[in-house]
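For clarity, every value in this text was computed on a predicted model and none was experimentally measured. So you know, we letter chains A, B, ... as the sequences are listed, proteins then strands, and number each from 1.
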Amino acid sequence: MTDNRSDERQQLFVLADALLEDVFSMSDEELIAETEEDDNLVSVPIRMRELYQQTLVKKRKSRLKKAKDDLRSATLPQNPAEVIDISEAREAVTHALESKDLSIAARNETSSELSDADIIRKYHDLVALGIINPED
Amino acid sequence: MDASDPQSVLSQEELENAISEFSDADWIRIDKTANLYTSLYSWISIQSGDLIQEAILRALSGTRKCPRDVDVVKFLAETIRSIANGEAEKAEHNLSKVSLNDETTTIEIRSDNPSPEDLLAAKQESQNLEDKLIELFSGDETAQIIVLGILDGTTGEELRSLAELDETQFNSKRRKIRRTINHAIQNGLKP
C-alpha cells in the first residue's frame, strides 16, 4: 500500500510538471483570455501584487529585526562577568568624573545628568581608557 | 554559469525591480503555478499564497539565486515547484511513519444504505490515480493517451507523437487536460 501510494505521488510530480509546461507555453493573450473566462482577470493580478507588497514588508521587518539583534549583541558586554550593577557603575563614573585626569568637557558632565544607559556606556568607555579599574 | 560569481546572478535589488515590473500575465503564471502544485499535492497543508510568498522571500533573501540569463518569472515558478516538491516529500515521509497498528483507531460502522455521495467517495478511494484520470477523460481517447503517457514519464516530442497530433493540436489538447483536471479538483476530485 505504501509503495503504491509512493508511486502515485511520483506520478503526480510528473503530471504537475507536464501541466506547468502547458502554463508556460501559453502566450500572454492566451493566459489573459483563460483567466477572463474564469472570471478572475481583475482579481488575480491585484491579489498577486498585494501579496508581493506584503512579502516585501515581511522581508523588511525580518531584516530590521536581524539588524536590531546584531546591534544588541554588539553592544552587550562580551563576558557575563562584566555585567555591572547600575549603582556601582554610577558611583564609579561619578568618582571618575571628579578625577583630574579627565578633560574639562568630560568633567563638566555630572553623573546625575546621565541616564542608566548612558552611565553603562560611559562606564565601559572609562574602563577602556584605563580611568576606571573594574577590579576596584 | 558560476552561481558564486556575483555578476552571473541578479542582485537582490535587480530581482526586486524585476518582480515589481511583472505584467498581469506574469502574475497569472505565478498564481497558476502555485495553484497547480497545491491542488495536485492534496496531502500538503501549505496554501498557494504562502507558497508564492515563501518563494519570493527565498529569492529576495538570496537563498535562491536567479541566473542573469534566466527569465525571472520562470525562476520564481521553479522556486515554487521546488518548495512544493520539498513539502510534498516531507509530508509523505511523515505519513509513512504513522503506525498501521494503532489500537486506538475507531472503526466507523458503514450504513446499510449508503448515499450516492458515499458511493462516489468510496469508489474514488478505491481507484488509483490512473483510473481516476482515465474516467475523467472518458470519451476522449487522445486525452487519455496523453495523460497515460505523462504518468508513464513520457515527455516532449515523444508524447506528441504518441498522441499523433501536430504541435498546435497537442498544445490545445494539453491545455484542455490541465483545465479539466483543475476543474475536477475544484469540484471534489482527490488526486
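Note: B:Leu57 CG to A:Lys59 NZ = 9.0 Å, rounded to the nearest 0.5 Å. Atom-to-atom distance recorded for A:Met48:CE and B:Ile52:CD1 is 3.5 Å, nearest 0.5 angstrom. With rounding to the nearest 0.5 Å, the separation of OH in A:Tyr52 from CD1 in B:Ile30 is 11.5 Å. Interatomic distance, A:Arg9 CZ to B:Asn85 CG, rounded to the nearest 0.5 Å: 13.0 Å.
A continuous path of hydrophobic side-chain contacts links B:Trp43 to A:Leu15 [ILVMFWY only; heavy atoms under 4.5 Å]. Hydrophobic clustering (ILVMFWY, side-chain heavy atoms < 4.5 Å, transitive): B:Leu136 and B:Leu129 are in one cluster.
At distances below 3.5 Å, at least one donor-acceptor pair connects side-chain atoms of A:Arg49 with backbone N or O atoms of B:Phe22. Side-chain atoms of A:Arg63 do not come within 3.5 Å of backbone N or O of B:Ser61 as any donor-acceptor pair.
Proximity to chain B (any heavy atom under 4.5 Å) is restricted, for A:Leu56, to the side chain, taken from C-beta onward. The part of B:Leu36 that comes within reach of chain A is its side chain, from C-beta onward, which places non-hydrogen atoms under 4.5 angstrom from that chain. Both the backbone and the side chain of A:Glu21 come within contact range of chain B, with heavy atoms under 4.5 Å apart. For chain A, the nearby part of B:Leu133 is the side chain; its heavy atoms alone come within less than 4.5 Å. With a 4.5 Å cut-off on non-hydrogen atoms, A:Gln53 does not touch chain B at all. Looking at B:Ser20, both its backbone and its side chain come within 4.5 Å of chain A, counting heavy atoms on both sides. If you measure heavy-atom distances from B:Thr155 to chain A, you find no contacts under 4.5 Å at all. For a residue to count as touching a neighbouring chain, one of its non-hydrogen atoms must lie under 4.5 Å from one of that chain's; by this rule A:Ser62 does not touch chain B. No part of B:Val147 comes within reach of chain A, as not one of its non-hydrogen atoms sits under 4.5 angstrom from that chain.
Taking chain A as the reference chain and counting heavy-atom pairs below 4.5 Å, the highest number among B:Ile56, B:Asp26, B:Leu40 is found for B:Leu40. In terms of heavy-atom pairs under 4.5 Å with chain A, the best-connected choice from B:Arg81, B:Glu89, B:Glu54 is B:Arg81.
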#### Entry: Chi angles and distances behind the salt bridge (charged side-chain N to carboxylate O under 4.0 Å, His left out) call for B:Glu16, A:Arg60
CA-CA 12 Å; B:Glu16 206 173 297; A:Arg60 281 162 194 155; 2.5 Å; yes

### Message
Pair B:Asn128, A:Gln11 - check side chain to side chain contact (heavy atoms under 4.5 Å, CB included), show working.
### Response
CA-CA 11 Å; B:Asn128 62 21; A:Gln11 287 181 321; over 6 Å; no

### Stepwise side chain to side chain contact (heavy atoms under 4.5 Å, CB included) test for B:Ile28 and A:Glu34
CA-CA 10 Å; B:Ile28 290 169; A:Glu34 181 176 295; over 6 Å; no

### Query
Which is it for B:Glu78 and A:Leu20 under the side chain to side chain contact (heavy atoms under 4.5 Å, CB included) test, yes or no, and what are the steps along the way?
CA-CA 10 Å; B:Glu78 176 54 39; A:Leu20 183 64; 5.8 Å; no

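At a heavy-atom separation below 4.5 angstrom, chain A is approached by B:Arg174, B:Arg175, B:Ile177, B:Arg178, B:Arg179, B:Ile181 within residues 172-185 of chain B.
No more than 12 heavy atoms of other residues, nucleotides or ligands shown are found within 6.0 angstrom of CD on B:Glu158. The 12-atom threshold is exceeded at CD of B:Gln169, counting heavy atoms of other residues, nucleotides or ligands nearer than 6.0 Å. Around CD of A:Glu30, the count of heavy atoms belonging to other residues, nucleotides or ligands within 6.0 Å exceeds 12.
Residues passing the side chain to side chain contact (heavy atoms under 4.5 Å, CB included) test with B:Ala84, sequence neighbours excluded: B:Tyr37, B:Tyr41, B:Leu51. Among residues two or more places apart in sequence or in another chain, the side chain to side chain contact (heavy atoms under 4.5 Å, CB included) test is passed with A:Gln10 by A:Phe13.
The shortest heavy-atom contact between A:Met26 and B:Arg29 is O-NH2, 3.0 Å. Heavy atoms only, all atoms of each residue included: B:Gly49 and A:Leu51 are closest at O-CD2, 3.6 Å. Taking every heavy atom of both residues into account, A:Leu12 and B:Pro191 meet most closely at CD2-CB, 3.7 Å. When all heavy atoms of A:Pro45 and B:Asp24 are compared, the pair lying nearest together is CB-OD1, 3.5 Å.
When hydrophobic residues (I, L, V, M, F, W, Y) are linked wherever their side-chain heavy atoms come within less than 4.5 Å, the members clustered with B:Leu148 are B:Ile134.
A 4.5 Å side-chain heavy-atom check between A:Arg47 and B:Asp31 finds at least one atom pair inside the cut-off.
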